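To keep things clear, I will list the structure first and then write my remarks on it.
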Amino acid sequence: MILPHSFFEKSTVAVAQALLGTVLIHDALEGPTSGRIIETEAYLFKDDPASHAYRGKTKRNAEMFGPPGRAYIYFIYGMYHCFNVVTGPEGTGQAVLVRALEPLSGIELMQMRRKTTDLKALCSGPGKRVQAMGIMPSQNGSSLRCGPLTLCTGGKTGAKPMPKGDIVCTPRVGITNGAELRLRFYLKGHPLLSRRCIHAKSTRRARCDLV
DNA sequence: TGGCAGATTTTA
DNA sequence: AAAATCTGCCAA
């Protein structure tokens, strides 16, 4: 079942947690790929200096201010793309960065795109994940409820909401502003999460709590 | 294993 | 100049 519009209208933190365990599917020309979301980060619109929306709307972050349930894809570090799910009321500028997936289907295609057979290296970070699934920058702003890129749960995906006790909450990775906010969520003890992410510097300093 | 340089666009 | 990243190379 495709995630309903109402799913994305909850608070960004709630959506970041609820996305864990759901399945992202990309039907690309070369073939389908899919994976189960195991790591997310929330980016808020105010009191969050790490958010692209913090200083208001720009050409780059415009899609972040669009309706919830769409993709916000941006270019970073001159090399990589990151994929976000827009959340909250339209115009506020909030999103959830989808960091890591557990690959489910199209694994051979992912291995070709990533030039590695190591399952751990396919989708264990935001840049890798976009590359593995063949997500294109032109898909920025596309709906995640129809089209080639969709978010699903239940039904044939077998995905179910995760119990709160399975979700760990830590500071976000790779930021300096707002590093104390614990807005990163992942499934406790998942074997495909990179050790580097779980023990990231910002994480080591602060507590890692269950939600 | 842990740390860091380098790839290079977007924004402040 | 620093960034919501990743890889490869280095030292221990």
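Model, not experiment: these values are computed from the prediction. Throughout, protein chains are lettered first and strands after them, A, B, ... in sequence-line order, and every chain is numbered starting at 1.
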Have A/Ser105 and A/Ser34 got a donor and an acceptor in their side chains that come within less than 3.5 Å? yes
Nearest listed nucleotide, side chain of A/Arg60, among B/dT10, C/dA4, C/dA3: B/dT10
Mind calculating the distance between CZ (A/Phe185) and C1' (C/dA4) to the nearest angstrom? 15 Å
Between A/His190 and A/Glu39, do the side chains contain an N or O donor and an N or O acceptor separated by less than 3.5 Å? no
Lys/Arg cation over aromatic A/Tyr80: A/Arg129, 6.0 Å, 45° cone: no
Tightest non-hydrogen contact, residues A/Thr40 and A/Ala16, listed as OG1-O, 2.8 Å
Testing the 3.5 Å rule here: is there a donor-acceptor pair between the side chains of A/Arg114 and A/Gln131? yes
Rounded P spacing from B/dA5 to C/dA12 in Å: 16 Å
Quick one: A/Met64 CE to B/dT10 P, roughly how many Å, whole number? 17 Å
Provide, to the nearest angstrom, the distance between the CZ atom belonging to A/Arg172 and the P atom belonging to C/dT5. 11 Å
Using whole Å, what does the distance between atom C1' of nucleotide C/dC6 and atom CZ of A/Arg113 come to? 18 Å
Between A/Arg70 and A/Ser143, is there a side-chain donor-acceptor contact under 3.5 Å, judged purely by atom types and distance? no
Mind checking A/Leu97 for me? I need base, sugar-phosphate or nothing, with any heavy atom below 4.0 Å counting as a touch. base
Using a strict heavy-atom distance below 4.0 Å, which residues from residues 51-59 of chain A are in contact with DNA chain C? A/His52
Rounded to whole Å, please give me the gap between CZ in A/Phe83 and C1' in C/dT5. 17 Å
Say you pick atom P in C/dA4 and the same atom in B/dG2; how far apart are they, in whole Å? 24 Å
Expressed as a whole number of angstroms, how long is the span from A/Tyr74:OH to B/dT9:P? 17 Å
Cation-pi check, A/Lys10 to A/Phe7: give yes when NZ or CZ is under 6.0 Å from the six-membered ring centre and within 45° of the ring axis, no otherwise. yes
Expressed as a whole number of angstroms, how long is the span from A/Ile175:CD1 to C/dA2:C1'? 14 Å
Which pair of non-hydrogen atoms, one from A/Phe65 and one from A/Gly56, has the smallest distance, and what is that distance? CZ-C, 3.8 Å
C/dT5 phosphate, OP1 or OP2: any side-chain N/O from A/Arg99 under 4.0 angstrom? yes
Please classify the nucleic acid contact of A/Arg129 as base, sugar-phosphate, or nothing, using heavy-atom distances under 4.0 Å. nothing
Could you tell me whether the phosphate oxygens of C/dT7, OP1 or OP2, come under 4.0 Å of any side-chain nitrogen or oxygen in A/Lys128? yes
Here the pair of heavy atoms bringing A/Ile76 nearest to A/Arg60 is CA-NH2, 4.4 Å
Between N or O atoms, less than 3.5 Å apart, protein on one side and nucleotides 6-8 of chain B on the other: list the pairs.
unit_1 : atom_1 : unit_2  : atom_2 : d
B/dT8  : O2     : A/Tyr77 : O      : 3.3

Ignoring hydrogens and angles, tell me if any N or O in the side chain of A/Asn84 forms a donor-acceptor pair with the backbone of A/Met64 under 3.5 Å. no
Please check: side-chain N/O of A/Ser124 versus main-chain N/O of A/Lys120, any donor-acceptor pairing under 3.5 Å? yes
How does DNA chain C look in dot-bracket form if you count Watson-Crick and G-U pairs under 3.5 Å, write [ ] for pairs that cross, and put | where a base pairs with another strand? |||.|||||||.
Taking the six-membered ring for Trp and the single ring otherwise, decide whether the centroids of A/Tyr43 and A/His52 are under 6.0 Å apart. no
How many Å lie between CG on A/Asp118 and C1' on C/dT7, as a whole number? 14 Å
